[in-house]
Novice: 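Structure in structure tokens, see below.
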Amino acid sequence: MSSACVPTHPESLGLARATTPQAVTGADRPQHPSMPPRRRFPVAGADLSASVAVFLIALPLSLGIALATGAPLQAGMVAAAVGGLVAGRLGGCPLQVSGPAAGLTVVTADLIHRYGWRATCGITVLAGLAQLGLGCLRVARTALAVSPAVVHGMLAGIGITIAVAQLHIVLGGTPQSSVLANVRALPAQLANLHPGAVAMSALTLALLFGWPRIPGRAGRLLHTVPAALVAVAGATATASLTGLTLPRVDLPSWSSHALAGLPEGPVLGIVAAVLTTTLVCSVQSLLGAVAVDKLVAGRTGPQSRLGRADLDRELLGQGTANIVSGALGGLPVAGVAVRSSANVQSGAVSRNSTMLHGVFVVAAALLMVPVLDLIPLASLAALVMAVGIQMVSLHHIRTVTRHREVPVYAVTTLGVVLLGVLEGVVLGVAVAVAVALHRLARTRITHEEKGGVHHVHVRGQLTFLAVPRLSRVLHLVPQGAQAVVELDGSFMDHAAYESLRDWRRAHTARGGSAELTGCRAGVRSPEYGHTPERSRGPGHDHRPKDSRGPAHGQGPEHAHGQEHAHGPEHDHGQEHAHGPAHGHGPANSHRPGPRGSHGPGRRLGRSGGAGHELARGISAFQRDTAPLVRDELARLAREGQQPSQLFLTCADSRLVTSMITSSGPGDLFVVRNVGNLVPLPGEENGDDSVAAAIEYAVDVLKVRSITVCGHSGCGAMQALLGSGTGGAATPLGRWLRHGLPSLARLADEGRTGVRLAGRAPADTAERLCLTNVVQQLEHLRAHDSVARALAAGELELHGMYFHVGEAQAYLLSRGGADGAGGVFQGVPGAEELPSPA
């Protein structure tokens with residue numbers, strides 16, 4: 001069982017990768033004249049500069065956080081060094097910087113007050129062991145299930161507590177043991193200000209907030225020096241030059257440094273302390289790792305080659321760091337947002353930057369003690385107070401307000417401020433669960449009769465909690481009456497589905513009629529107007545039409561799961577094609593199929609009219625899909641479109657290009673018309689819009705391939721077969737003239753025909769659909785821009801046929817794409833593809 005705890009990444013075992021030059025010994029390295037010499041210093045310059053920037057931020061913050069907790073000031077430096085060297089080396093997020101965090105200040109201060117410093121170090125060690133256990137159980141991603149409102153409320157409560165406590169030091173006094181005591185003592189503190197402490201605090205805050213706002217070219221150069229360092233250094237220099245008498249940093253000799261001891265006290269109290277430390281350290285570190293992933297995903301260059309964070313490994317690294325830090329007499333360690341973002345923004349490309357910053361902290365602790373002893377405590381307190389104020393984020397408040405989670409945020413914040421971190425988080429989670437249950441259970445079911453038709457309107461989530469009310473209202477509909485059930489919500493569970501189905505069967509058996517409106521599919525059975533061949537049974541989700549998630553391939557609005565929405569590094573594979581709303585959820589949840597998947601039976605949800613349907617669809621996109629794709633579309637808006645291929649297909653509504661190609665926004669330049677036709681250039685009654693799109697795609701967008709896609713049951717091909725050149729006086733007839741060469745090609749028995757691999761075409765219409773793809777590829781070659789790109793080897797042409805009924809795609813063999821006959825080969829599914837060697 002212990003093997004589950006062993007990191008499997010090569011770097012975690014201290015082994016260099018065999019494929020890199022550094023892993024090859026001098027005797028084994030092939031002597032090739034083109035091979036660059038091995039670098040003497042194996043640290044990238046970007047990592048070195050980033051580590052200096054992070055160190056300059058970490059040094060004053062580590063001292064300030066230690067001051068705020070009441071721990072020895074050296075403990076902050078121990079935690080910073082261990083966070084850089086241990087968590088940086090073993091963690092699963094290479095660019096995250098760990099160390100003493102402001103989010104742990106309240107917890108640590110309370111532990112020191114209750115148990116003393118050495119016992120607090122012992123609790124830190126136990127918390128690290130608990131983190132190792134959680135990492136071995138691979139439950140890291142479970143922490144991300146905590147409501148963001150709880151996390152934001154916890155950070156806000158901690159920030160308020162820090163700010164109120166440090167305000168007393170800023171004013172020249174001493175903080176009390178609780179927030180309420182600090183608030184009560186504030187009037188007396190204001191009446192006894194220490195002018196020197198207030199002046200140095202004011203100077204620190206002025207430099208901290210003013211330094212990043214220096215305008216012009218000089219400002220851009222000065223901004224390379226961290227504002228925190230400038231603020232503390234400026235206050236220190238001023239206090240030293242003016243000779244102010246102020247309490248200053250006092251770093252005792254390392255020989256008297258206190259190490260960890262066994263905590264003594266009530267067992268339950270110590271267990272609660274360990275759990276609190278574990279919770280706060282773990283949640284902050286894991287959320288920080290996710291945030292770093294987002295920052296890295298939005299950047300280019302060497303950083304973009306870093307994979308996503310391994311959260312379980314990150315938890316193991318943080319646990320190890322806490323064990324070492326606590327054993328050496330350091331503060332608890334967690335991932336720190338400010339230092340991590342500075343690391344990414346400074347261009348770090350590997351974990352070397354984090355580790356080097358730890359080395360610099362060790363050097364400072366050993367060699368810079370005389371300089372550090374000059375720092376006024378008021379300056380450090382002002383710095384930490386500013387950090388605490390910034391933890392109450394207006395952006396977070398707006399977010400929870402928009403999502404109607406203000407009660408969760410407020411209760412968590414107040415709980416942390418008044419009771420403690422663990423108590424506040426527990427209260428917040430309880431309120432979050434209550435709010436979720438309230439939303440799930442808040443279902444309005446009404447009944448009214450209009451013109452002899454009984455309307456049952458269900459608004460809200462239709463779950464087992466609402467089944468008794470649903471049954472009572474449905475039984476108000478008289479036997480033999482005409483009924484319309486309007487579903488206006490986003491979820492229907494299995495119990496509600498069974499109840500609704502059973503009532504409908506009984507009602508129709510007694511001579512009545514029942515129609516569902518507002519349901520986009522999910523009920524896959526003939527009695528709801530759906531064909532049996534599409535039935536998936538009751539084990540799939542049923543969602544009303546206005547709640548269709550983003551996973552149905554309707555153009556760019558198809559599924560971009562949560563992972564994909566964070567940046568351009570999405571996968572155009574199976575994950576991308578079947579996002580989280582494609583019916584892969586629990587077996588007893590019911591989600592809809594794609595729009596238009598109702599088969600030939602009665603179409604549901606049309607009572608509101610086409611305009612109403614369009615408005616509801618747009619509303620569903622804004623609510624469900626827009627938040628998932630906004631980051632990706634914003635990137636495309638900034639960078640412009642850069643599609644890799646032109647996809648020319650029919651305007652048939654059953655051909656959803658993004659779904660059948662598993663492509664996302666910006667991947668395809670799509671041209672659709674009736675019959676997927678490519679008019680020959682310069683032809684009478686030609687169409688310049690198609691030619692213009694081809695020229696723009698090839699010459700401007702520099703697409704690498706063009707695909708012509710036909711499909712089964714094409715109405716344009718059937719019209720060609722039925723009327724030939726007849727009806728040419730109409731716009732449609734004139735357009736279909738461009739398909740006459742395909743009709744002639746089909747009739748020319750002397751030319752090599754096209755066929756499907758494995759079976760003959762079902763009928764003449766299918767033969768014409770296949771022939772038309774080959775013919776339109778020939779028309780493409782007649783366009784000058786295409787001919788030039790083909791001659792230069794910069795473009796490929798592909799033919800594709802999609803059988804709608806089989807949901808099967810076929811690709812034209814190379815010979816057919818080059819102008820001969822050819823065979824359309826079926827494209828295998830992912831499970832049929834050969835595994836890589």
Side-chain angles (χ1 to χ4, degrees), residues 41 43 47-69 71-89 96-102 204 207-208 211 224-237 239-240 247-259 321 324-336 338-340 342-343 346 348 351-384 387:
F41 191 60
V43 177
D47 283 334
L48 182 59
S49 60
S51 66
V52 173
V54 174
F55 161 71
L56 295 177
I57 296 173
L59 185 61
L61 282 176
S62 299
L63 293 172
I65 291 170
L67 173 68
T69 61
L73 296 183
Q74 287 172 319
M77 304 185 75
V78 170
V82 171
L85 292 170
V86 179
R89 181 66 186 87
Q96 174 160 260
V97 181
S98 300
T204 301
L207 290 173
L208 183 66
W211 188 260
T224 57
V225 182
L229 178 67
V230 172
V232 174
T236 302
S240 299
R248 300 176 188 268
V249 168
D250 182 16
L251 290 174
S253 170
W254 285 102
S255 61
S256 61
H257 181 66
L259 302 179
V324 176
S325 180
L328 295 180
L331 291 170
V333 171
V336 189
V338 175
R339 278 162 261 180
S340 300
N343 196 34
S346 299
R351 62 179 73 247
N352 288 334
S353 63
T354 302
M355 297 174 64
L356 272 178
H357 119 271
V359 173
F360 293 150
V361 171
V362 173
L366 296 177
L367 304 176
M368 294 179 59
V369 173
V371 176
L372 298 178
D373 283 344
L374 298 176
I375 300 175
L377 295 183
S379 178
L380 293 178
L383 176 65
V384 176
V387 173

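Computation of the quantities below employed the complete heavy-atom set of this structure, encompassing side-chain atoms and omitting hydrogens, waters and symmetry-equivalent molecules. Numbers here are sequence positions counted from 1.
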Novice: Do the non-hydrogen side-chain atoms of L48 and S51 ever get within less than 4.5 Å of each other?
Specialist: yes
Novice: So, using side chain to side chain contact (heavy atoms under 4.5 Å, CB included) as the criterion, who are the partners of V371 when residues are at least two apart?
Specialist: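 If we apply the side chain to side chain contact (heavy atoms under 4.5 Å, CB included) test to V371, skipping adjacent residues, there are no hits.
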Novice: Tell me the closest heavy-atom pair linking V336 and A101, and the distance in Å.
Specialist: CG2-CB, 4.2 Å
Novice: If you measure from CG on L59 to CE on M77, what distance do you get to the nearest 0.5 Å?
Specialist: 5.0 Å
Novice: Minimum heavy-atom separation for L331 and P100, please, with both atom names.
Specialist: CD1-CB, 3.8 Å
Novice: Report yes if the side chains of V384 and L67 come closer than 4.5 Å at any heavy-atom pair, otherwise no.
Specialist: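 V384 vs L67: side chains apart.
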Novice: Counting N and O atoms only, with roles assigned by atom type, does the side chain of R351 sit under 3.5 Å from a partner on the main chain of G88, one being a donor and the other an acceptor?
Specialist: yes
Novice: With sequence neighbours excluded, what pairs up with S379 under the side-chain hydrogen bond (donor to acceptor under 3.5 Å, both in side chains) test?
Specialist: T204
Novice: Which heavy-atom pair separates A342 from I57 by the least distance, and what is that distance?
Specialist: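 Scanning both residues, the minimum pair turns out to be CB-CD1, 3.6 Å.
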Novice: How long is the gap from CG on L73 to CG on D250, to the nearest 0.5 Å?
Specialist: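 Rounded to the nearest 0.5 Å, the CG-CG separation comes out at 7.5 Å.
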Novice: Heavy atoms only: give me the nearest L383-P60 pair and the separation to one decimal.
Specialist: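 Residues L383 and P60, closest heavy atoms: CD2-CB, 3.9 Å.
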Novice: Could you tell me the separation between the CG atom of L380 and the OG1 atom of T236, rounded to the nearest 0.5 Å?
Specialist: 7.5 Å
Novice: Would you mind reporting whether N343 and T354 have side-chain heavy atoms less than 4.5 Å apart?
Specialist: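 Sidechains of N343 and T354: in contact.
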Novice: Looking at side-chain heavy atoms only, is the closest gap between R339 and S62 below 4.5 Å?
Specialist: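 With C-beta onward as the side chain, the pair touches.
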Novice: Between S325 (side chain) and P332 (backbone), is there a donor-acceptor pair under 3.5 Å?
Specialist: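 The answer is no, because no donor-acceptor pair under 3.5 Å joins these two groups.
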Novice: Is the backbone N or O of L229 less than 3.5 Å from a side-chain atom of W211, with the two atoms forming a donor-acceptor pair by type?
Specialist: no
Novice: Considering all heavy atoms of both residues, which atom of R248 and which atom of A239 are nearest to each other, and what is their separation?
Specialist: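 Smallest heavy-atom distance, with atoms named: NH2-O, 3.6 Å.
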Novice: With sequence neighbours left out, write down each residue that passes side chain to side chain contact (heavy atoms under 4.5 Å, CB included) with A81, or none if nothing qualifies.
Specialist: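 Testing A81 for side chain to side chain contact (heavy atoms under 4.5 Å, CB included), a comparison that skips the adjacent residues, returns V361, V362.
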Novice: Distance check, rounded to the nearest 0.5 Å: N352 atom CG versus H357 atom NE2?
Specialist: 13.5 Å
Novice: If you round to the nearest 0.5 Å, how far is CD1 of I375 from CG of L63?
Specialist: 5.5 Å
Novice: Can you see which heavy atom on G330 is nearest to which on V78, and at what distance?
Specialist: CA-CG1, 3.7 Å
Novice: Test side chain to side chain contact (heavy atoms under 4.5 Å, CB included) on V249 and L377; report intermediate values, then the result.
Specialist: CA-CA 6 Å; V249 168; L377 295 183; 4.0 Å; yes
